[in-house]
Protein chains: 2
Amino acid sequence: MKKIPISRYFFKGILILVNQVLLQIMTIKYLLDSNFKPTSYGKGDVIYEPGAQPRAVYFIKSGKVRMVTVNDDGKEFIQGIFKTNEYFGEPALLLDKPYLAYTIATQDSEIIAVKGEDFLKMLKDHPDFSMKLIQTLSHRLFYKSMMLEELANEHAEHRIRTLVAYLFKDVEHGQELKVTRQQLADMSGLRVETVIRIIKKLSDQKELKLMKGKIIKI
Amino acid sequence: MKKIPISRYFFKGILILVNQVLLQIMTIKYLLDSNFKPTSYGKGDVIYEPGAQPRAVYFIKSGKVRMVTVNDDGKEFIQGIFKTNEYFGEPALLLDKPYLAYTIATQDSEIIAVKGEDFLKMLKDHPDFSMKLIQTLSHRLFYKSMMLEELANEHAEHRIRTLVAYLFKDVEHGQELKVTRQQLADMSGLRVETVIRIIKKLSDQKELKLMKGKIIKI
DNA sequence: TTTAATTTATGATCCAGATCATACTTAAAT
DNA sequence: ATTTAAGTATGATCTGGATCATAAATTAAA
């Protein structure tokens, strides 16, 4: 029964979740140099909502964004997290289907909305860019396939172990995982209390360390 | 605790699940005309397994294939279903990551394995083909996002209602949905018994019709 | 530095859906 | 036409994780 208001969502971490494959510098430069003007969004601002018809693709010049679906009870599910130099919203645009999710600025962000026709032109003019897009989409599919299998088949502990292992990929040994239990819950479909208990258990089993409640990679 | 052996998986239906976007005729023709020779797979044959390193992309000349992940207990989750004129296995190849899933012929099939380098060449030589691939991947992402939200947040009845509505898209009114309860279970992460009870309930509520156990779209 | 707001923590209860068991129906194979 | 296998059906029990409740520890704000 969580509500949408946003203030507590302050991802500092999760630098790379679903979108390791960066745009090449060239494309970014192209965007920045050309006449696309970024829009500023404050923490918690909604960039688009489910049901809206897509007209643009969004490039994050700076900042961070989370994509969430919300069910009738207000429970959120984090579909993905996007950060500086990544883009989002392409699938809906390219299929011309209404968005399924909210995207919400997790922190103050500057975002360039590239109109549909311009985006298609970019894809045509820069074949390398198509290739990068294909890889990005592939990567998101990988993540979603993995999570689907987990949500469908695995028990809570397994889910959290898999998810944490995945997120640890971008964390140094001895460093903290900058994700709250609530966020882990919203990514795994579990409840905070359950996640808290499991994280504790994993700590007992020396699969990770806890310091002041922070999750530390061993 | 379902076992892998395959004989009972005889999808006749689900013509279009995740892959509405067909290859353009051109590309198929290109494939069929050129020197790519199809391999024959019998019902139940495994095309690739999780962990294997991808070397090719697979085009289905004829037949049907299901992509499933299997957990330690042997419980399956159907990640996707692919039929004639569709292709599968690209994401792993393009990311050069080992496969996550099994792909198994659901019926006798002829499948063309296109080597990685040839596939990349196709992408370069046929810009339209890249675009189609992008759309195909987008569509799969849509399906997976929808299912993730369902598995994470929704109760059994809601899951089945959503899944059945999705599958009904390709069924005429008064026609049967050619999917077994077990398959619905394997797509929704529920158990057969649960699915059976829910389908019965949906039938009581006149959301669908049952004839000789078959699910009929109203 | 005090107050307020988030986040983490933990125990007690409850229930949706899994599990188990058994039978019936329909379709396929011989 | 008969056997066999696959799928559907249904009741009884059990359990993992949700829910509820309450508090302590961090972190942010005033």
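Letters A, B, ... are given to chains in the order of the sequence lines, protein chains preceding strands, and every chain is numbered from 1.
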For this session: Round to a whole Å and report the spacing from CD1 of A:I160 to P of D:dG16.
Result: 17 Å
Problem set entry | Those residues that, when tested against A:S203, pass side-chain contact (heavy atoms from CB on, under 4.5 Å) (two or more places apart) | A:L208, A:L210
For this session: Please answer whether the main-chain N or O of A:Q107 pairs with a side-chain N or O of A:S109 as donor and acceptor at a distance below 3.5 Å.
Result: yes
Exercise. A:E157 CD to D:dA18 P: how many Å, rounded?
Worked result: 14 Å
Exercise. So, B:E172 and B:K217, do they make that salt bridge, N to O below 4.0 Å?
Worked result: no
Seminar exercise, completed: In whole angstroms, the gap separating P of D:dA18 from NZ of A:K75 amounts to 7 Å
Exercise. Below 4.0 angstrom, N of the basic side chain to O of the carboxylate: do A:R140 and A:E90 qualify?
Worked result: yes
For this session: Quickly work out the A:E154 CD to D:dG16 P distance and round it to whole Å.
Result: 15 Å
Problem set entry | Interatomic distance where CG belongs to A:L184 and P belongs to C:dA9 [whole Å] | 12 Å
Exercise. To the nearest Å, how far apart are B:L151 CG and C:dA18 C1'?
Worked result: 16 Å
For this session: Identify, with sequence neighbours excluded, every residue that meets ring-ring contact (aromatic ring centres under 6.0 Å, His included) alongside A:Y99.
Result: A:Y48
Problem set entry | Contact letters for nucleotides 8-15 of chain D, in which S counts primed atoms plus P, OP1 and OP2 and B counts the base, heavy atoms under 4.0 Å | SBBBB---
Problem set entry | Ionic contact status for B:R161 with B:E150, cut-off 4.0 Å | no
Exercise. Could you state the CG-P distance from B:N153 to D:dA18, rounded to the nearest angstrom?
Worked result: 11 Å
Exercise. When the distance from CG of A:L177 to P of C:dT8 is rounded to whole Å, what number comes out?
Worked result: 11 Å
Seminar exercise, completed: Whichever of A:M211 and A:V195 has the more 5' nearest nucleotide on DNA chain D, that residue is A:V195
